[in-house]
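Just below is one structure, and these are the notes that go with it.
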Amino acid sequence: MAGLALRCADWVDAVRARARAALLVRSAPEEVAAAVRVLLPLAGRSRTGELLAEYRGLLCGAPHRRAVRVLVADSDRAARRFGVALALELGEYARGDLLRTALRDRDQVCRTLCAQRLLDLEPDQAGRLLLAGDAAVRELAVAALPADVPATRLVAPLADRARMVRATARWQLYGRGEPPSAVYRRQLGRAGRSTPVRLLAGLAAGLGSAGTRPTCRP
């Protein structure tokens with residue numbers, strides 16, 4: 001199947017046409033995975049045209065849902081990302097699966113794709129995603145918090161170890177006219193011997209970036 005997909009980029013027009021026609025009627029799950037691994041690097045070449053998009057459209061049909069699930073579990077990173085994006089589009093993920101993938105998946109792109117879809121469906125899941133180990137997921141979670149979220153709930157994101165998470169938390173405060181520097185100073189003033197060193201370091205780093213209001217959202 002990989003060889004057939006490769007022939008779809010052949011220099012000879014007749015070979016390409018025959019390979020393309022044959023490819024579009026081969027949809028066994030293992031064959032789909034093998035084809036996608038080859039088609040992804042070929043995407044954008046003039047000789048393959050819109051073949052990947054056409055093949056993707058084919059996989060959207062109900063008979064091919066098992067093939068999509070096989071792609072989601074594929075060992076090839078690019079093919080798996082393709083499969084996850086397609087599965088999300090088709091609604092193949094249950095909400096519990098979205099949360100587990102966002103928190104624990106081994107691939108960052110898959111984590112962020114599932115986190116964004118979960119937040120689109122259930123914005124109140126932002127609190128759980130704030131605990132993610134992936135900074136990109138935490139950033140999405142902070143951005144999804146309601147505009148009237150208490151400043152105390154933003155303390156951890158304001159002191160996050162990741163710069164972009166801190167910046168997004170500050171933007172939440174800027175958006176409602178509350179100076180982040182005041183929140184930082186208040187929290188630092190409350191610090192004591194039992195305050196975790198990581199929290200203090202994050203608050204200090206955030207305060208150092210809070211003096212000037214950004215011109216656009218990070």
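This structure is a prediction, so every number in the text was calculated from the model and none was measured.
Closest of all the heavy-atom pairs between Leu154 and Ala169 is CD1-O, 4.3 Å. Annotation for Arg37 and Ala79: closest pair CG-CB, 4.0 Å, computed over non-hydrogen atoms. Ala136 and Gln108 make their closest contact through CB-NE2, 3.8 Å (heavy atoms, listed as atom of the first residue, atom of the second, distance). Heavy-atom minimum distance, Arg66 versus Glu30: NH2-OE2, 4.1 Å.
In this structure, Asp74 does not pair ionically with Arg80, as no charged nitrogen and carboxylate oxygen lie closer than 4.0 Å. With respect to Arg176 and Asp148, no salt bridge is recorded, no charged nitrogen being found less than 4.0 Å from a carboxylate O. A salt bridge is absent between Glu89 and Arg117: the closest approach of a Lys/Arg side-chain nitrogen to an acidic carboxylate oxygen does not fall below 4.0 angstrom.
Checked options Thr101, Asp97, Leu119, Leu129; the residue passing with Cys114 is Thr101 (criterion: side chain to side chain contact (heavy atoms under 4.5 Å, CB included)). Of the listed residues (Leu99, Val137, Leu140), just one forms a side chain to side chain contact (heavy atoms under 4.5 Å, CB included) with Leu118, and that residue is Leu99.
Taking the side chain as every heavy atom from C-beta outward, Val72 and Tyr93 approach each other to under 4.5 Å. Side-chain contact between Arg166 and Pro157 is absent, with no heavy atoms from C-beta onward closer than 4.5 Å. Proximity of Glu139 to Val165: side-chain heavy atoms (C-beta onward) are separated by under 4.5 Å at one or more points. Inter-residue side-chain proximity for Leu158 and Leu173 is flagged as met; some heavy-atom pair is nearer than 4.5 Å. Leu52 is listed as a side-chain neighbour of Phe82, based on a closest heavy-atom distance under 4.5 Å.
In this structure, the side chain of Gln172 engages the main chain of Val142 through a donor-acceptor pair within 3.5 Å. When atom types are taken as modelled, the side chain of Tyr55 and the backbone of Ala35 share no donor-acceptor pair closer than 3.5 angstrom.
If you take CZ on Arg190 and CD on Gln187, they are separated by 5.0 Å, rounding to the nearest 0.5 Å. Rounded to the nearest 0.5 Å, atoms CD (Glu92) and CZ (Arg69) are 5.5 Å apart. Considering CG of Leu207 and OG of Ser181, their distance stands at 7.0 Å, rounded to 0.5 Å. Here the CD atom belonging to Gln116 is positioned 4.5 Å from the CG atom belonging to Asp120, to the nearest 0.5 angstrom. Note that OG of Ser194 is 10.5 Å distant from CG of Leu199, once rounded to the nearest 0.5 Å. Of the inter-residue distances, the one linking Leu40 atom CG with Asp76 atom CG reads 7.5 Å to the nearest 0.5 angstrom.
Residues Leu130 and Leu203 share a single hydrophobic cluster, defined by chaining ILVMFWY side chains whose heavy atoms lie under 4.5 Å apart. Cluster annotation: Leu103 is connected to Val109 through the hydrophobic network of ILVMFWY side chains, with a link wherever side-chain heavy atoms come within less than 4.5 Å. Leu121 and Leu90 are assigned to two separate hydrophobic clusters, defined by single-linkage of ILVMFWY side chains at heavy-atom distances under 4.5 Å. When hydrophobic clusters are built by joining Ile, Leu, Val, Met, Phe, Trp and Tyr residues whose side-chain heavy atoms come closer than 4.5 Å, directly or via intermediates, Leu113 is not grouped with Val68. Cluster annotation: Tyr184 is connected to Leu145 through the hydrophobic network of ILVMFWY side chains, with a link wherever side-chain heavy atoms come within less than 4.5 Å.
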Check your understanding: Between Asp134 and Arg111, does a salt bridge (charged side-chain N to carboxylate O under 4.0 Å, His left out) hold up when you go through it step by step?
Key -> CA-CA 8 Å; Asp134 185 343; Arg111 290 193 298 268; 2.8 Å; yes
Q.
Evaluate Leu71 against Leu59 for side-chain contact (heavy atoms from CB on, under 4.5 Å), listing each step before the verdict.
A. CA-CA 11 Å; Leu71 278 171; Leu59 297 177; 4.1 Å; yes
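Residue Arg104 qualifies as open at atom CZ: its count of foreign heavy atoms under 6.0 Å is 12 or below.
Grouped by direct or indirect side-chain proximity (heavy atoms under 4.5 Å, Ile/Leu/Val/Met/Phe/Trp/Tyr only), Val197 sits alone. Residue Val70 shares its hydrophobic cluster (ILVMFWY side chains chained together at separations under 4.5 Å) with no other residue.
Applying the side chain to side chain donor-acceptor pair (under 3.5 Å) test to pairs two or more places apart or on separate chains, those with a residue in residues 153-165 are Arg138-Asp160.
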